[in-house]
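Both ligands and their constituent atoms are indexed starting at 1 by order of listing.
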Amino acid sequence: MRKFLTTTAVTLTMMAGLAQAAENVEVLHWWTSGGEAAALDVLKKDLEGKGISWTDMPVAGGGGTEAMTVLRARVTAGNAPTAVQMLGFDILDWAKEGALGNLDDIAAKEGWDKVIPTALQQFSKYDGHWIAAPVNVHSTNWLWINKAALEKAGGKEPTNWDELVALLDNFKAQGITPVAHGGQPWQDATIFDAVVLSLGNDFYKQAFIDLDPAALSGDKMKEAFDRMAKLRTYVDDNFSGRDWNLASAMVIEGKAGVQFMGDWAKGEFIKAGKKPGSDFVCMRFPGTQGSVTFNSDQFAMFKVSDDKVPAQLQMASAIESPAFQSAFNVVKGSAPARTDVSDEAFDDCGKKAIKDLAEANTSGTLFGSMAHGHANPAAVKNAIYDVVTRAFNGELNSDEAVKELAAAVEGAK
Ligand code: GAL
């Protein structure tokens, strides 16, 4: 009897252990700022409500460069997380290596093909198979302006480059730091996305999607570097290395006038209790209205042991639920990854993001963000980062920068 009890107890403990293993997800991500963490919490709570526990693997560093380095080490050690926040071409690279799982059954059952736009599916599928669950759609060609500072500086929202420069001069005259910026390669590149786009849709496509050497080294690109050099004159002395969310805080607190940043910045404003329209203004980078440079955060699902697969699939299913898509993206500052989610719960900036995205998608003016891994694989992206950052820091003039850019891209292709 005693022996029986002991065996039963052992069996029960083992079963509990298995059940626990099956109901846990280990998630690697770089959502560590206030707004990002608040959004991630929506996902954690959603899964906890379904009985799935969450093992957190945060790797700080906007844009995810550091997270991708840590991931490589984990996978090399044979210890892949269940799910990893990932952008664009990085997902396809991991798929090519055969490291990702398969979400086809759940995708078919839930009809993902019909509601997730093709622009995202290009990165959620490899060889016809679903490998990642898209969470959202962000875009990089935005301006975030402190409303009170704008009023002080004349109140006019800039609609073209000259008006933007005039506004930045007005901020300066008012003793307000014109541009809140963090000097990190990915942040420099994020501004570069918008500056290049402001010189034309075709130009953006030729330069960053087609990697056309003539576009990369031509006069328009020189103009783009000139504009970057001009913007560089409006940042404060302490910009070097500053994290993007601290730059957002400068605008939130009215210490700076504007930040050029993707709409994850809105997550910081919302977290700080600020309201669009009255406390801050969101608008497209002057000259880019009607066009969108997008990036989509997706959870790439790694090949894991069989006992972990059910929780992994439940996580993917939870992410694609319309209710979750609304709740999460309202907090994150992004648009839903599905086309059938109502914009009702979203603020005016969110509604605009959703509308702009749909319009750009139909009019052929939706482009993958170079800065956030949706235009090219990491090797090319990093080659561009390097030249953009050196130019922004005054190590290259515009003539030198265009030559270096074309050469660096050619070498990385
Ligand atoms: C982007 C990502 C966003 C946000 C941002 C800053 O690459 O898509 O979700 O996290 O980095 O960390």
Side-chain angles (χ1 to χ4, degrees), residues 27-44 56-71 83-91 93 119-120 123-124 132-142 144 180-194 241-249 251 259-271 292-300 319 324-325 328-337 349-350 353 357 367-378 381-382 384-385:
V27 184
L28 193 151
H29 63 89
W30 65 91
W31 282 334
T32 55
S33 79
E36 290 174 329
L40 194 67
D41 227 39
V42 178
L43 179 57
K44 280 186 198 165
D56 205 31
M57 271 214 70
V59 183
T65 311
E66 289 80 0
M68 290 304 102
T69 308
V70 171
L71 173 64
V84 180
Q85 179 197 353
M86 219 183 269
L87 297 172
F89 280 86
D90 288 343
I91 305 173
D93 282 348
L120 302 196
F123 301 107
S124 336
V135 194
N136 63 10
V137 191
H138 272 303
S139 59
T140 54
N141 56 320
W142 286 105
W144 306 93
H181 182 60
Q184 296 173 343
W186 75 270
Q187 293 189 58
D188 303 340
T190 300
I191 304 187
F192 202 55
D193 263 3
R242 175 189 287 135
D243 286 331
W244 67 274
N245 52 315
L246 301 181
S248 303
V251 178
Q259 183 181 23
F260 309 110
M261 189 43 69
D263 40 12
W264 46 91
K266 199 190 75 183
E268 300 304 300
F269 284 81
I270 301 300
K271 183 86 198 341
V292 171
T293 40
F294 82 97
N295 60 304
S296 164
D297 291 302
Q298 309 211 8
F299 278 103
I319 287 171
F324 170 79
Q325 283 282 326
F328 177 90
N329 288 304
V330 159
V331 181
K332 185 69 171 71
S334 34
C349 298
L357 189 64
F367 305 106
S369 156
M370 175 281 293
H372 292 267
H374 280 65
N376 294 286
K381 181 188 83 170
N382 290 330
I384 300 177
Y385 272 21

Discussion item. Less than 3.5 Å apart, any donor N or O on the side chain of Gln85 or Asp297 sitting next to an acceptor on the other?
Written reply: yes

Worksheet item: Which atoms form the tightest heavy-atom contact between Asn295 and Ser369, and what is the distance?
Response: CB-CB, 4.4 Å

Fill in: Location of contacts on Asn295 toward ligand 1, heavy atoms closer than 4.0 Å
side chain

Worksheet entry | Heavy-atom pair of closest approach, residues Ser33 and Glu268 | OG-OE2, 2.6 Å

Worksheet item: Once you round to the nearest 0.5 Å, how far does OG1 of Thr140 lie from NE2 of His372?
Response: 6.0 Å

Fill in: Closest non-hydrogen atom pair between Gln259 and Ser248, with its separation
OE1-OG, 2.7 Å

Fill in: Sub-4.0 Å atoms of ligand 1 with respect to non-hydrogen atoms of Gly63
6 (C), 7 (O), 11 (O), 12 (O)

Worksheet item: How far is atom 1 (C) of ligand 1 from its nearest protein heavy atom, and which residue and atom name does that atom have?
Response: His372 ND1, 3.5 Å

Worksheet item: Sequence neighbours excluded, which residues qualify as salt bridge (Lys or Arg N to Asp or Glu O under 4.0 Å) partners of Lys266?
Response: Asp347

Worksheet item: Is there a heavy atom of Gly64 sitting under 4.0 angstrom from any atom of ligand 1?
Response: no

Discussion item. Please report whether ligand 1 has a polar contact with Trp186, defined as an N or O pair separated by less than 3.5 Å (distance criterion only).
Written reply: no

Worksheet entry | Ring center gap for Trp31 and Phe328 short of 6.0 angstrom | yes

Fill in: Per-atom contacts, ligand 1 versus Leu87 - under 4.0 Å to a heavy atom
7 (O), 8 (O)

Worksheet entry | Non-neighbouring partners of Phe123 that pass ring pair (Phe, Tyr, Trp, His ring centres under 6.0 Å), sequence neighbours left out | Phe89, His374

Worksheet entry | Residue Gly62 vicinity, atoms of ligand 1 by number, heavy atom under 4.0 Å | 6 (C), 12 (O)

Discussion item. Need the ligand 1 atom indices (1-based, order shown) with element for anything under 4.0 Å from a heavy-atom of Trp244.
Written reply: 6 (C), 12 (O)

Item to complete: Output the list of atoms in ligand 1 that are nearer than 4.0 Å to some heavy atom of Lys332, sorted by atom number.
Response: 3 (C), 4 (C), 9 (O), 10 (O)

Item to complete: Could you pull out, from His138, His29, Glu36, the option with a heavy atom nearest to atom 10 (O) of ligand 1?
Response: Glu36

Response to the item:
The closest protein heavy-atom partner of atom 2 (C) of ligand 1 is Asp297 OD1, 3.3 Å

Practice prompt. Check whether any N or O atom of Gly61, backbone or side chain, sits under 3.5 Å from an N or O atom of ligand 1, and answer yes or no.
Written response: no

